[in-house]
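Read the structure below first, then the notes.
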Amino acid sequence: MSFPKRTIYCGELRSSHAGQEVVLNGWVARVRDLGGVIFMDVRDHSGVSQTLIRPAEQPELACTIRGLTPESVIWVRGTVQLRENPNPALPTGQVEVVIAELGLLNPALLPPFPISDEIALTEEVRLRYRYLDLRRPRMQRYLRLRHQVYQLIHRYFDRHGFVEIETPMLTRSTPEGARDFLVPSRLHPGRFYALPQSPQLFKQLLMIAGFDRYVQIVKCFRDEDLRADRQPEFTQIDLEMSFVSREDILSLTEGLFAELWSEVLTVELPTPFPRLTYREAMTRYGSDKPDLRYGLELQTLTDIFAETELGIFRKAVAEGHTIAGLRLEGGAAYSRKELEDLAETVRPHGLPGLIWLKYDSSGWQSPVIKHISESERDALRQRLQLQEGDLALLAAAPWEPCYSALGALRRKLADQLDLISKNNVSYRMLWVVDFPLVEYSEAERRYVARHHPFTAPIEEDLPLLDTAPERVRAQAYDLVLNGEEICGGSIRIHTAELQQKVFSILGLTTEQVQQKFGFLLEALRYGAPPHGGIAMGLDRIIMLMAGAESLRDVIAFPKTTSGLSLVDGAPASVDPEQLEELGICVRMPGQLS
RNA sequence: GGGGCCGUAGCUCAGUCGGUUAGAGCGCCUGCCUGUCACGCAGGAGGACGCGAGUUCGAGUCUCGUCGGCCCCGCCA
């Protein structure tokens with residue numbers, strides 16, 4: 001099909017173009033037929049331009065335009081002129097194109113919804129007609145911002161001496177971590193590839209291969225349930241460096257974020273980013289990914305109640321549990337019902353409830369106040385900095401649930417009190433470091449890696465590996481932005497001996513290790529340099545940069561909460577011949593074998 | 001695996017205590033209209049109330065199941 005090609009984009013017309021003949025290629029956005037004059041807005045990705053004709057002068061053109069459906073694809077040739085009535089709300093509002101010629105390139109079916117940011121749509125309709133959803137200006141902005149981010153990433157790492165190398169998508173399934181997506185092998189019936197959860201082992205092999213600095217923007221796959229911030233396939237910026245310390249990786253990462261924010265958002269991020277150890281993050285914020293946009297810091301109170309008369313606290317102290325709490329300014333006015341509502345947030349963490357104490361002009365008020373001594377009251381008031389009219393909320397439980405529960409309470413209060421300003425966007429970056437290497441899984445009755453099994457322990461904790469693995473800290477780090485984890489990485493184990501030891505702590509048998517990770521152990525023996533790296537959740541980063549509400553908004557073709565792709569209908573059943581070829585026989589759930 | 005909210009016109013939604021012929025706005029169609037820009041005005045068409053059972057004299061409305069969307073817990077090294 002031959003047609004007049006555009007001479008300018010719709011969104012680019014300005015008063016300086018007045019008098020010029022232009023050709024526009026685009027979509028019919030809207031027709032306003034006033035009888036004696038017809039206005040037609042023509043849209044492409046850059047914006048909208050108003051065109052017009054006068055039916056009295058061009059009756060056949062008028063007829064054509066009146067027959068156009070919205071979203072039909074057209075070309076228009078005409079002359080730019082200044083408008084009689086400019087529209088200051090539009091960038092192109094000073095001018096309009098007087099149509100001389102118009103051609104219909106492809107008539108469109110009536111779209112199920114107008115192409116506009118203003119219109120409210122359900123997620124289902126948007127995803128079913130994703131190509132129309134993506135035609136909307138906001139979605140165009142999000143994906144173009146995403147493109148800008150890609151380009152900057154490539155430039156940044158190239159400048160810092162990184163080599164971009166692709167790692168395979170068809171890999172082997174390894175134990176540990178998320179559930180794998182499996183791909184059956186036709187050539188080897190009964191055997192399966194796994195889609196990578198991350199290129200972790202390959203990038204370590206690249207370090208052993210001497211590439212020194214590797215980076216890749218790469219798709220990763222995890223077959224787990226979805227969330228607003230979790231898709232089964234997602235994109236990581238994956239990097240690894242040799243002969244480095246943690247510090248090198250943190251500052252390189254900070255440099256990238258500072259540059260991204262500066263160039264894409266024109267926001268200057270102060271570097272270095274603040275750092276908290278895992279322990280500090282938990283004891284001060286009750287989370288390993290705290291949101292620093294608001295206060296409500298936690299205080300540890302165990303020492304204050306070391307010799308208390310209050311039964312539940314005395315018992316907690318005796319059992320080595322933790323007592324902690326937070327101050328709620330002006331909270332003395334809370335009703336029983338409101339307090340009960342707050343207590344509800346700690347129950348999922350296994351706590352029976354909260355102890356509350358109101359402090360105001362008439363003194364203390366609390367169901368437990370008569371069991372709390374004067375000196376304890378004074379210490380509490382001081383520790384929490386209580387003022388008249390404040391409320392103290394206290395929890396007693398083992399260390400982890402105690403702080404986690406208060407962290408949940410802190411988030412709930414921030415939400416309830418609207419402490420996160422919507423109109424005043426801020427970006428609070430935070431490194432959380434020194435995570436525990438492993439944690440005990442009651443469900444699996446063994447230690448599991450907190451980060452992944454290739455993470456190096458902090459050297460001074462090495463002796464604890466044999467005696468108290470749960471107390472060993474890892475050389476691991478997460479980058480947190482406004483309460484969302486956006487990066488995670490570590491210095492890796494680079495000797496076969498240590499790697500083997502960690503595998504055994506994780507309860508892997510020698511046989512399992514040999515079978516699943518033998519190639520890694522072997523490679524580590526052929527001159528593996530000290531190395532470490534980080535993986536950044538690109539979709540989440542872009543979501544936060546764009547101010548989008550959902551990961552889906554910054555992914556061109558995302559899956560629904562149940563993992564379906566509504567635009568192409570994946571996953572779908574396949575022809576029996578395909579299964580036959582793969583040696584696969586499908587048994588539906590509940591069906592007898 | 002579990003919990004919550006939702007599914008009614010092309011879109012977004014209302015629909016009372018279970019009761020006559022199921023509504024609104026936008027969009028669409030027809031007509032009128034020479035400066036609109038979410039044009040305006042007048043008229044009109046458009047519905048297996050997601051699907052399947054059940055309760056009932058009677059179900060959009062109640063119950064169960066199922067499919068789909070969203071959010072959360074578990075899960076996500």
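The structure displayed is predicted, hence computed values, not measured ones. Numbers restart at 1 for each chain; the letters A, B, ... are given by sequence-line order, proteins then strands. Just so you know, these numbers use all the heavy atoms, side chains as well, and skip hydrogens, waters and symmetry mates.
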Counting any heavy atom closer than 4.0 Å, what does [X] reach on the DNA or RNA strands: base, sugar-phosphate only, or nothing?
| X | answer |
| --- | --- |
| Glu96(A) | base |
| Pro453(A) | base |
| Asp33(A) | base |
| Ser562(A) | sugar-phosphate |
| Val48(A) | nothing |
| Ile38(A) | nothing |
| Pro232(A) | nothing |

Specify the closest pair of heavy atoms between [X] and [Y], including all atoms of both residues, with the distance to one decimal.
| X | Y | result |
| --- | --- | --- |
| Gly11(A) | Ser46(A) | N-OG, 2.8 Å |
| Asp180(A) | Leu195(A) | OD1-O, 4.1 Å |
| Pro55(A) | Gly35(A) | CG-O, 3.3 Å |

So which nucleotide from [options] ends up closest to the side chain of [X]?
| X | options | answer |
| --- | --- | --- |
| Phe39(A) | U12(B), G68(B), U36(B) | U36(B) |
| Glu123(A) | C70(B), G10(B), C28(B) | C70(B) |
| Leu127(A) | G10(B), C37(B), C70(B) | C70(B) |
| Leu34(A) | C76(B), U34(B), G68(B) | U34(B) |
| Thr561(A) | C70(B), U34(B), G69(B) | C70(B) |
| Asp41(A) | C37(B), U36(B), G74(B) | C37(B) |

What does [N] pair with, Watson-Crick or G-U, if both distances are under 3.5 Å?
| N | answer |
| --- | --- |
| C70(B) | G4(B) |
| U36(B) | none |
| C26(B) | G10(B) |
| U61(B) | none |

| task | Evaluate side chain to side chain contact (heavy atoms under 4.5 Å, CB included) for Lys559(A) paired with Ser565(A), printing each intermediate quantity in order. | result | CA-CA 5 Å; Lys559(A) 307 286 187 283; Ser565(A) 172; 4.0 Å; yes
Can a donor-acceptor pair under 3.5 Å be found between the side-chain atoms of [X] and the base atoms of [N]?
| X | N | result |
| --- | --- | --- |
| Arg222(A) | C75(B) | no |
| Arg227(A) | G74(B) | yes |
| Arg83(A) | C37(B) | yes |

Would you mind reading off the distance between [X] atom [atom1] and [N] atom [atom2], rounded to a whole angstrom?
| X | N | atom1 | atom2 | value |
| --- | --- | --- | --- | --- |
| Glu71(A) | G27(B) | CD | P | 14 Å |
| Leu110(A) | A9(B) | CG | P | 16 Å |
| Gln50(A) | C39(B) | CD | C1' | 11 Å |
| Ile486(A) | C76(B) | CD1 | P | 22 Å |
| Glu442(A) | C75(B) | CD | P | 12 Å |
| Leu121(A) | C70(B) | CG | P | 14 Å |
| Glu118(A) | C37(B) | CD | P | 15 Å |
| Ile53(A) | U36(B) | CD1 | P | 18 Å |

Does a nitrogen or oxygen in the side chain of [X] sit under 4.0 Å from OP1 or OP2 of [N]?
| X | N | answer |
| --- | --- | --- |
| Arg32(A) | C39(B) | yes |
| Arg54(A) | C33(B) | no |
| Arg30(A) | G27(B) | no |
| Thr122(A) | U12(B) | yes |
| Arg128(A) | G69(B) | no |

Whole-Å [atom1] distance, [N] and [M]:
| N | M | atom1 | answer |
| --- | --- | --- | --- |
| A45(B) | U66(B) | P | 41 Å |
| C6(B) | U61(B) | P | 14 Å |
| C62(B) | U56(B) | C1' | 10 Å |
| C51(B) | G60(B) | P | 11 Å |
| U63(B) | C72(B) | C1' | 26 Å |
| U8(B) | G31(B) | P | 33 Å |

| If you draw a 6.0 Å radius around CD in Glu60(A), do more than 12 non-hydrogen atoms from other residues or ligands fall strictly inside? | yes
| Ion pair check, Asp478(A) and Arg450(A), cut-off under 4.0 Å | no
| Taking 4.0 angstrom as the limit, do Arg347(A) and Glu340(A) come out as a salt bridge? |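 Counted as a salt bridge, because a side-chain N and a carboxylate O are separated by less than 4.0 Å.
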| message | Between C11(B) and Phe113(A), is there a base-stacking contact, meaning the centre of the base's six-membered ring lies under 5.5 Å from the residue's ring centre while the planes stay under 30° apart? | response | no
| In terms of the nearest nucleotide of RNA chain B, which residue is placed more toward the 5' end: Glu124(A) or Leu226(A)? |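 Nearer the 5' end of the strand: Glu124(A).
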| task | Step through it carefully: locate the ring centre of Tyr214(A), locate the ring centre of Phe202(A), and say whether they are under 6.0 Å apart. | result |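 Aromatic pair excluded; centres sit 6.0 Å or further apart.
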